[in-house]
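By convention in this document, chain letters (A, B, ...) are assigned in the order of the sequence lines, proteins followed by strands, and residues within each chain are numbered from 1.
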Number of protein chains: 2
Amino acid sequence: MAESESGTVDLEIIVQGAQEGKKQELRLWLRMLSTTKLISQEIRRRLRNEFGATLPQFDLMAQLYREREGLRLGELSKRTMVTNGNVTGLVERLEIDGLVLRETPDGDRRVTVAKLTAKGEEHFGAMAAAHEAWLRELMADVDPAIIAELWKDIGAVKSSVNNHLSGAAFD
Amino acid sequence: MAESESGTVDLEIIVQGAQEGKKQELRLWLRMLSTTKLISQEIRRRLRNEFGATLPQFDLMAQLYREREGLRLGELSKRTMVTNGNVTGLVERLEIDGLVLRETPDGDRRVTVAKLTAKGEEHFGAMAAAHEAWLRELMADVDPAIIAELWKDIGAVKSSVNNHLSGAAFD
DNA sequence: TGCAAGTATTTGAAGTATAAAATTTAAATT
DNA sequence: AATTTAAATTTTATACTTCAAATACTTGCA
């Protein structure tokens, strides 16, 4: 913050800062994107090889696991950030595998509620334990303090993004 | 749950630390994933509305833009983290739109090189400028120092993940 | 009562994604 | 030269993705 004294040192920093600062967000985004892709691909591969499941199916089941009474498809769509039309097919396939079941409540026949079957709960339990261990393994070289800081700072990014969206959608 | 009279303080901290630390990586991953999805969806929407392009197409063109002589499809696959088979269709559609062209070099007829057409370069140039501005806008509320730190720390995560992959693939 | 307006889900079309098998061409062996 | 091995891409099959339009049901209100 010292612009004082002789005054030439900071000029360099300012000039450089202006150039770099311009693309800083882009660089961060590209790195976030490639890192997320990398992890996703690895998790996807392991889910497939060890449990015969896909990542979207895992995500969907994770939501149902913590709401044992089940969830409406629309609510499932919001929580998984998957479009409505997509949830339909996802639940359909899981129902065929006997992991999820659909039912229409008496009150409102427009609604479909999806919930895990006993088989689904058991299956997901095993996957969730492995999934958590995989993440610890993949991030093993990162200092826990850094992990905590990243969690906080990415939260700030998320808030900013949420404040500048063009359409709808919130967190 | 105290195990001894005198030495219980640290134990609690340790136990709690172990519990929390256990899921820290999972929490970070979930936040990274949801934030990345959020930004992707917004970028996707804007690319579609303002340029009639998709995100994968944009990514692919970005690679070709910085390699004016063109790239082999295999190389394109690595750089975009998109599978081989998928690159084929992606390039095919871009060729139909006249943004990309394919050619087979004389030396090796197994190879296909894709490069941007003049129209493709012009089109991408406009998109890239907008894209960069969008990211600055979306992250506008985040302190530049935090952006820089995130870039560095996510780099550490990426390295760790690369060191613990089960199959192949590097950065 | 009756129908316009709203809500919840499904369907359809085009594109993107993966893994794995198949194809084509090149290089290395024998 | 014929055979094997390897490399680069395409094809195939299935799943996931989005957006937009269609369907089915509910509600509010004249």
Fill in the blank from the handout: B:R72 meets the side-chain hydrogen bond (donor to acceptor under 3.5 Å, both in side chains) criterion, sequence neighbours left out, with none

Practice task
Applying side-chain hydrogen bond (donor to acceptor under 3.5 Å, both in side chains), name anything that partners A:R110, two or more places apart in sequence or on another chain.
Solution key: A:D108

Atom pair distance, as rounded to whole Å: [atom1] in [X] and [atom2] in [N]:
{"X": "B:E95", "N": "D:dT10", "atom1": "CD", "atom2": "C1'", "answer": "14 Å"}
{"X": "A:D108", "N": "D:dG28", "atom1": "CG", "atom2": "P", "answer": "12 Å"}
{"X": "A:L60", "N": "D:dA15", "atom1": "CG", "atom2": "P", "answer": "15 Å"}
{"X": "A:L71", "N": "C:dA8", "atom1": "CG", "atom2": "P", "answer": "14 Å"}
{"X": "B:R46", "N": "D:dT18", "atom1": "CZ", "atom2": "P", "answer": "17 Å"}
{"X": "A:R44", "N": "C:dA17", "atom1": "CZ", "atom2": "P", "answer": "9 Å"}
{"X": "B:L73", "N": "D:dT11", "atom1": "CG", "atom2": "P", "answer": "12 Å"}
{"X": "B:N49", "N": "D:dT18", "atom1": "CG", "atom2": "C1'", "answer": "12 Å"}

Problem - Earlier contact from the 5' end, DNA chain C, for A:G74 and B:P56 - result: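 Residue closer to the 5' terminus by nearest nucleotide: A:G74.
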
With sequence neighbours excluded, residues passing side-chain contact (heavy atoms from CB on, under 4.5 Å) with [X]:
{"X": "A:K78", "answer": "A:E75"}
{"X": "A:S160", "answer": "A:H164, B:D141, B:V142"}
{"X": "B:T54", "answer": "B:P56, B:Q57"}
{"X": "A:Q63", "answer": "A:R66, A:L71, A:L76, A:R79, A:T80"}

Practice task
Kindly state which residues belonging to residues 79-91 of chain B come within less than 4.0 angstrom of DNA chain C, counting heavy atoms of the residue only, listed by number.
Solution key: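 B:V82, B:T83, B:N86, B:L90, in order of number.
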
Handout entry: For DNA chain C, the residues among residues 109-117 of chain A that have a non-hydrogen atom under 4.0 Å from it
Key = A:R110, A:V111, A:T112

Practice task
Determine whether B:R68 and B:E121 make a side-chain contact, defined as any pair of heavy atoms from C-beta on separated by less than 4.5 Å.
Solution key: yes

Practice task
Side-chain contact test, heavy atoms from C-beta onward, threshold under 4.5 Å: evaluate it for A:I39 versus A:L135 and give yes or no.
Solution key: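 Of all side-chain heavy-atom pairs linking A:L135 with A:I39, at least one is under 4.5 Å.
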
[N] phosphate, OP1 or OP2, under 4.0 Å from [X] side-chain N/O:
{"X": "B:R48", "N": "D:dT18", "result": "no"}
{"X": "B:R102", "N": "D:dT10", "result": "yes"}
{"X": "A:R72", "N": "C:dA8", "result": "yes"}

Exercise for the section: Could you please name the option among D:dT18, D:dA8, C:dG15 that lies closest to any side-chain atom of B:Q41? Expected result: D:dT18

Write out a two-atom table: protein N or O, nucleotide N or O from nucleotides 21-23 of chain D, distance below 3.5 Å.
none

Practice task
Determine whether more than 12 heavy atoms belonging to other residues, nucleotides or ligands lie under 6.0 Å from atom CD of A:E122.
Solution key: no

Completion exercise
Across all chains, not counting sequence neighbours, the salt bridge (charged side-chain N to carboxylate O under 4.0 Å, His left out) partners of A:E50 are none

Problem - Residues in ring-ring contact (aromatic ring centres under 6.0 Å, His included) contact with A:F51, at least two apart in sequence or another chain - result: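 Here no residue qualifies.
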
Practice task
List, by chain and then residue number, the residues other than A:V111 in its hydrophobic cluster (Ile/Leu/Val/Met/Phe/Trp/Tyr, side-chain heavy atoms under 4.5 Å); write none if there are no others.
Solution key: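 Members other than A:V111 - counting any ILVMFWY side chain reachable under 4.5 Å - are A:V113.
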
